[in-house]
Each structure stands twice: as structure tokens, then as C-alpha cells.
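For clarity, every value in this text was computed on a predicted model and none was experimentally measured. Position 1 is the first residue of the sequence, and the numbers go up from there.
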Amino acid sequence: MGLDLFDAPLRITWTLKDAAPLSESELGRIAESLVEGGIFFVTLGGDAWRHPGLETLIRQLDGGSVQVTLVVPLCRAGFSVLNPDLPLTRLLLDIGAVVDEEGWQNAEVVDAVKNFRKLGYYPELQLLPIRGRLEQLPRLFQVAGEVGVAGVKLPNFPLVDRPDLASRVLEADDLESFRPLAPTCRRSSTDLKLEVHDLFLWELLCPEAPREHYSGCQAGNGLAHISAEGDLYPCSSWQLRIGSLLEQPLADLWQSQARTAVCSEIGTTPRDCRDCHAYEICFGGCRGLARCLGTSESRDPLCKEPR
């Protein structure tokens with residue numbers, strides 16, 4: 001696969017922590033590097049919602065014409081710590097912790113969305129589709145329609161920040177078990193804007209829709225990730241440290257040998273994908289996930305076999 005290499009990533013995900021967090025000064029240095037690098041979109045996750053430097057960071061990025069998405073977990077404190085006038089492009093309400101609880105109620109999601117709306121925010125819902133959650137997707141779409149949110153996001157697996165999730169990453173057999181539920185999901189999500197990171201889950205949920213957000217693996221090219229320590233990675237699923245944004249600007253790291261090696265690997269057809277007629281559609285799927293859970297010659301673990 002030939003890649004048109006970008007001078008900087010278009011989208012960056014950035015995890016912040018409130019335990020031993022980066023200082024406001026360090027956040028500012030990284031934000032300045034992102035602005036100077038011409039980044040278009042930044043998604044702030046982890047404990048960003050309660051980081052003491054959050055508001056200053058958001059305003060600095062917004063002032064540099066960076067569109068900011070904030071991910072907030074569904075909890076009572078989530079909406080109470082946000083000021084009502086933050087210049088956010090998008091607010092994602094992550095309902096993972098609630099979904100994992102037995103006997104969770106739709107009202108918990110509905111009430112949280114209403115509380116954010118009182119502050120002037122119009123959140124969409126997010127759920128990481130790890131093993132044990134796929135059977136909750138019909139209900140997720142049901143409650144999304146009930147509360148009237150605009151969209152739902154099913155992001156990629158954040159193995160850089162959460163290596164403990166490796167055992168819960170979906171595999172092809174999980175998708176086959178979910179397949180009978182997919183029509184129910186499609187019927188209840190017709191009015192929602194869906195963003196689904198993994199191609200093979202997308203094919204079950206949106207078989208007729210154009211895939212606007214992702215085409216092939218964009219790790220280390222159109223996409224990058226920043227860890228809570230300020231380190232740059234190809235994406236949140238690819239556990240290969242490119243370098244520290246506290247030590248080098250983004251522009252320099254993006255021209256480094258480590259980043260070039262990532263693009264070269266993505267441009268090579270994995271052994272497991274050879275002779276597959278669908279390769280020109282997926283290009284091996286999520287290459288970071290395949291590499292971290294297998295080898296550089298592996299295909300996306302959600303892909304059952306060459307087609």
C-alpha cells in the first residue's frame with residue numbers, strides 16, 4: 001500500500017492523568033508544539049476532565065485553531081467540574097463504567113446528558129467495545145435515541161494507556177457471536193451519527209454506509225497519540241514510543257526514524273493478508289493492534305480470515 005505521508009498528524013488523542021499529572025507549564029509546551037505543528041483535532045481523554053490545567057489547555061488549543069473534543073466518564077462529578085463556556089467542538093460522555101455494572105439503568109445516562117445540557121453542552125455517547133460489552137450495544141443505541149443525542153462513538157482499543165485491556169480486545173469470534181444482534185442495532189441507530197474505529201465492527205453495524213472517518217491504518221500518519229507522560233505514539237493502540245514532546249517538538253519527532261519505520265511497516269502487506277481480495281479496502285485493518293497482539297505480519301484480530 002502506498003502512503004501519502006502527512007507533515008503532521010491530522011488527529012491526536014491525548015490522555016491526561018490526575019495522579020502525578022503534567023504541570024500546566026508542561027501542558028502548555030506540548031499544546032504550543034501541537035499548534036505550531038498545524039494539528040486540526042485533539043481529543044482529550046483519561047482524567048483530562050478533572051486536571052487542574054484543563055481549562056487553560058483547552059483555551060490555548062482553541063486559540064491556535066485546534067478543534068478540541070473532551071471525553072468525560074459518566075459520573076456525578078463529571079459535569080460539576082466543567083465551566084459552562086469552554087470552547088469545545090465535541091463532548092463525549094463515556095458510559096463504560098456504568099455499562100460494566102450489573103443492573104445499570106437508562107436513567108443514569110439520561111440524567112447525565114440532561115445535566116451537561118444545563119451547562120450548554122450537547123454530549124454524544126462513547127463506549128469502548130471490549131469483550132463483554134458488545135451485547136450492550138442494542139441498549140446503548142436505544143438510550144441514545146431516548147435521550148436524543150446526535151451520535152455515538154466506538155473508539156479503538158487504548159493499549160498504550162491500558163495494556164491491561166489486551167485480554168479484552170475483541171476477536172473475530174466475538175463479532176460472529178454479535179452478528180445476530182447487529183440488525184437490532186442498525187434499526188435503532190438510523191438517526192445517529194456513528195463513528196466506529198474498527199472496520200470489521202463497522203461492517204456489521206453500517207454495511208451500507210460510506211466509511212468517512214477511517215480508510216486503512218492511519219497510525220503515525222493522519223493519527224497520533226500522546227500519553228499522560230507527554231510521549232508521542234503512532235496511535236493509542238500501537239505501543240511504540242516515538243519520543244517525548246517535552247524534549248522535542250512534534251515537527252522533529254514526525255521526521256524521526258521511529259515514525260518513518262511505522263509508515264514503512266504500514267505500507268507493507270502483512271503475510272496474513274496476502275492474497276486477500278478485501279485488502280484494498282482494509283489494508284490490514286488496525287496495524288498497531290495486530291502488531292501489539294501478534295506480529296508485524298499479523299492482520300487485525302477482528303478479521304477472521306482472508307476473503
- prompt: In terms of heavy-atom contacts, does CG of Asp275 have more than 12 from other residues, nucleotides or ligands at under 6.0 Å?
  reply: no

Linking I/L/V/M/F/W/Y whenever any side-chain heavy atoms sit under 4.5 Å apart, do [X] and [Y] land together?
| X | Y | answer |
| --- | --- | --- |
| Phe157 | Val196 | yes |
| Leu54 | Val35 | yes |
| Val143 | Val72 | yes |

Main-chain N/O of [Y] paired to [X] side chain as donor or acceptor, under 3.5 Å:
| X | Y | value |
| --- | --- | --- |
| Ser237 | Leu159 | no |
| Glu297 | Arg271 | yes |
| Asp231 | Ser227 | no |
| Thr56 | Gly53 | no |
| Arg168 | Pro129 | no |
| Gln105 | Gly103 | yes |
| Arg117 | Ala112 | no |
| Asp300 | Gly284 | no |
| Gln60 | Gly28 | yes |
| Thr268 | Ser264 | yes |

Do NZ/NE/NH1/NH2 and the carboxylate oxygens of [X] and [Y] come within less than 4.0 Å?
| X | Y | answer |
| --- | --- | --- |
| Lys17 | Asp161 | no |
| Asp47 | Arg50 | yes |
| Arg90 | Glu124 | yes |
| Glu265 | Arg291 | yes |

- prompt: What's in the same ILVMFWY side-chain cluster as Val71, cut-off under 4.5 Å, chained through other members?
  reply: Leu92

Distance (rounded to the nearest 0.5 Å) between [X] [atom1] and [Y] [atom2]:
| X | Y | atom1 | atom2 | answer |
| --- | --- | --- | --- | --- |
| Leu154 | Leu140 | CG | CG | 7.0 Å |
| Leu16 | Leu22 | CG | CG | 7.0 Å |
| Trp14 | Ile39 | CH2 | CD1 | 11.0 Å |
| Asp198 | Asn156 | CG | CG | 9.0 Å |
| Tyr122 | Leu93 | OH | CG | 15.5 Å |
| Arg259 | Leu240 | CZ | CG | 12.5 Å |

Heavy atoms only: give me the nearest [X]-[Y] pair and the separation to one decimal.
| X | Y | answer |
| --- | --- | --- |
| Ala219 | Val262 | O-CG1, 3.8 Å |
| Pro249 | Leu245 | C-CD2, 4.1 Å |
| Pro155 | His197 | C-CB, 3.7 Å |
| Trp49 | Leu82 | O-CD2, 4.2 Å |
| Pro138 | Ser188 | O-OG, 4.2 Å |
| Leu204 | Ala182 | O-CB, 3.7 Å |

- prompt: Would Val152 and Leu127 count as a side chain to side chain contact (heavy atoms under 4.5 Å, CB included) if you check the C-alpha gap in whole Å, the side-chain angles of each, and the deciding distance to 0.1 Å?
  reply: CA-CA 8 Å; Val152 170; Leu127 181 66; 5.9 Å; no

Flag side-chain contact, heavy atom, 4.5 Å: Leu170 against Leu134: yes

task: Would you mind reporting whether Tyr279 and Thr269 have side-chain heavy atoms less than 4.5 Å apart?
output: yes

message: Give me each pair satisfying side chain to side chain donor-acceptor pair (under 3.5 Å) with a member in residues 127-152, each pair once, sequence neighbours excluded.
response: Asp100-Arg133, Trp104-Gln136, Asn106-Arg139, Asn106-Glu146, Arg131-Asp174

message: Going by side chain to side chain donor-acceptor pair (under 3.5 Å), name the pairs with one or both residues in residues 26-41, residues two or more places apart or in two chains.
response: Ser23-Glu26

field: Stepwise side chain to side chain contact (heavy atoms under 4.5 Å, CB included) check, Arg59 with Leu86
entry: CA-CA 7 Å; Arg59 295 192 183 282; Leu86 294 179; 4.1 Å; yes

- request: Check the angle between the aromatic planes of His225 and Tyr233 and answer parallel, tilted or perpendicular using the 30° and 60° thresholds.
  value: tilted

